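A, B, ... follow the sequence lines: proteins, then strands. Residue 1 opens every chain. Please read these numbers as outputs of a predicted model, since none were measured by experiment.
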Protein chains: 2
Amino acid sequence: MLGHGQIWAAIDALAAKNGLSASGLARRSGLDPTTFNRSKRIAADGRPRWPSTESIAKALDATATNLDSFMGLLTDGAAAPRRHVPLIGLAQAGEGGYFDDAGFPVGQGWDEIELPGADRENVYALEIAGDSMSPVYRDGDVVLVSPGAAVRRGDRVIVRTTGGEVLAKELARSTAKQVELRSINPAHPDRTLPTSEVAWIARIVWASQ
Amino acid sequence: MLGHGQIWAAIDALAAKNGLSASGLARRSGLDPTTFNRSKRIAADGRPRWPSTESIAKALDATATNLDSFMGLLTDGAAAPRRHVPLIGLAQAGEGGYFDDAGFPVGQGWDEIELPGADRENVYALEIAGDSMSPVYRDGDVVLVSPGAAVRRGDRVIVRTTGGEVLAKELARSTAKQVELRSINPAHPDRTLPTSEVAWIARIVWASQ
DNA sequence: GGCGTAAAAGGTACTAATTCCTATCGAAAC
DNA sequence: GTTTCGATAGGAATTAGTACCTTTTACGCC
């Protein structure tokens with residue numbers, strides 16, 4: 001769960017991220033510069049030496065690092081699985097022995113996908129209003145959008161016009177001159193906007209159901 | 001970033017989550033039962049005492065707790081923000097001043113929603129096959145399902161029959177005797193299953209787009 | 001009520017992490 | 001070339017966290 005090498009790798013990573021050496025990080029944290037010395041990570045008798053929780057707290061404080069970021073360093077260093085859940089094919093799911101009585105997958109060896117929003121920095125949520133995308137999005141549904149993601153034909157997107165209109169649509173065609181947007185709900189018209197009127201397009205990556 | 005009270009609150013929470021007392025957790029971890037005593041969290045001279053990193057690692061190991069979960073306990077104890085992203089209404093989004101040029105929301109004070117799968121314990125992912133729910137789910141889409149969640153009328157669900165069939169449908173009606181399932185795609189028939197043939201129903205909570 | 005078990009307070013002994021010190025090495029500054 | 005500074009190794013001293021012990025309290029069980 002939490003290993004000796006992992007902790008030290010995270011401390012090294014924390015130092016590097018702030019352009020510091022191990023001793024520099026210790027000094028900045030108000031600790032003795034030798035506290036994080038490599039030569040002291042294993043005691044003379046071969047036992048591993050762990051930094052104290054207080055030292056770690058001071059290092060986080062000195063570098064203005066929050067716990068989430070430190071977690072990232074911890075798990076990156078160990079190449080440990082991060083925010084993943086097992087992914088099962090609908091066909092597989094029909095075969096026997098894959099689920100317990102409560103409907104949870106059992107055992108190991110499943111494919112895994114990253115949970116939505118694992119890179120929390122680049123997503124935010126929008127609450128859908130209107131039914132132009134019904135039944136895909138219903139009024140009140142919440143979608144996670146990623147303004148940074150590349151958009152392709154067939155993607156569902158949020159488009160903001162220079163006029164201040166915000167649309168949830170499916171991208172039908174995108175050319176240098178114009179953007180064609182499709183409403184899933186046939187009661188609503190499709191839209192074609194000249195690129196000059198598009199402030200930005202953000203891809204919808206996940207939708208609540 | 002990481003406080004004394006937070007650490008101890010997380011240890012208490014870790015113990016509670018496993019049905020243990022502070023001393024019970026210490027014992028299970030191979031430590032002295034008094035290691036986590038409340039009376040020892042503040043030294044005689046008033047200075048705070050921090051548990052050693054090694055003790056924490058042992059406690060995580062003994063309770064088969066991964067770092068992510070412990071993180072949750074840490075941040076819960078401090079009432080700190082967890083895995084949240086800002087939530088904006090589609091109408092709000094049209095007004096000026098809310099977004100930067102790249103399409104990211106700016107400023108503070110947004111509502112926030114929890115990211116999908118924050119309780120990773122209770123969800124897994126399924127890859128959709130077939131087009132009975134088209135256009136809501138397209139072939140190859142991935143859905144996050146929560147077998148533990150309560151299902152209501154109108155929810156999109158994965159149903160597994162005792163015969164081994166796995167269906168992605170919308171729940172039309174659920175009575176004591178039977179479950180009525182609706183296909184969004186009119187080309188596919190609706191289904192009605194007697195409850196005796198339903199192995200389990202899991203609600204689809206998020207869908208990739 | 002008596003008894004056994006567990007939780008937790010309070011103290012002492014031990015062990016491990018930090019500090020302080022010295023020394024070596026390498027890079028940058030003079 | 002010499003000096004200066006930071007980084008790191010290695011060791012001694014100090015300090016802090018844990019282990020061990022005892023006592024008190026609480027709870028369930030006979």
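Sorted by first and then second residue, the ring-ring contact (aromatic ring centres under 6.0 Å, His included) pairs with a member in residues 30-65 of chain B read B/His4-B/Trp50; sequence neighbours excluded. Within the structure, salt bridge (charged side-chain N to carboxylate O under 4.0 Å, His left out) pairs that include any residue of residues 189-206 of chain B comprise B/Asp155-B/Arg203, B/Glu165-B/Arg191 (at least two apart or interchain).
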Please list, one pair per line, the donor and acceptor atoms closer than 3.5 Å that link side chains of residues 13-20 of chain B to other protein atoms, with sequence neighbours excluded.
from: B/Asn18; atom 1: ND2; to: B/Leu14; atom 2: O; distance (Å): 2.8

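Separating the CG atom of A/Asp32 from the C1' atom of D/dG6 is a distance of 14 Å, rounded to the nearest angstrom. Atom P of nucleotide D/dG10 and atom CD1 of A/Ile42 are separated by 13 Å, given to the nearest angstrom. Residue B/Phe36 contributes atom CZ, which lies 17 Å from atom C1' of C/dA6 at whole-angstrom precision. Distance CD1 (A/Ile56) to P (C/dA17): 12 Å, rounded to an integer number of Å.
Shown here are the side-chain hydrogen bond (donor to acceptor under 3.5 Å, both in side chains) partners of B/Ser21, two or more places apart in sequence or in another chain: B/Ser23. Not counting sequence neighbours, the partners of B/Pro135 by the side-chain contact (heavy atoms from CB on, under 4.5 Å) test are A/Val136, A/Arg156, A/Ile184, B/Ile184. Scored by the side-chain hydrogen bond (donor to acceptor under 3.5 Å, both in side chains) test, A/Thr63 finds A/Thr65 as partners (sequence neighbours excluded). With sequence neighbours excluded, no residue satisfies side-chain hydrogen bond (donor to acceptor under 3.5 Å, both in side chains) with A/Asp61.
The side chain of A/Arg38 places no N or O atom within less than 4.0 Å of a non-bridging phosphate oxygen (OP1 or OP2) of D/dA7.
Taking for each of A/Ser55 and B/Arg27 the nucleotide of DNA chain C with the nearest heavy atom, the 5'-most of the two is the partner of B/Arg27.
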Table of protein N/O atoms under 3.5 Å from nucleotides 10-16 of chain C N/O atoms:
from: C/dG11; atom 1: O6; to: B/Lys40; atom 2: NZ; distance (Å): 2.4

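Note that the CG atom of A/Leu193 and the CG atom of A/Leu181 stand 5.5 Å from one another [nearest 0.5 Å].
Residues of residues 14-24 of chain B having a heavy atom closer than 4.0 Å to DNA chain C, listed by number: B/Ser21, B/Ala22, B/Ser23.
Within the nucleic acid shown, B/Pro51 comes within 4.0 Å of sugar-phosphate atoms alone, with no base atom in reach, counting heavy atoms only.
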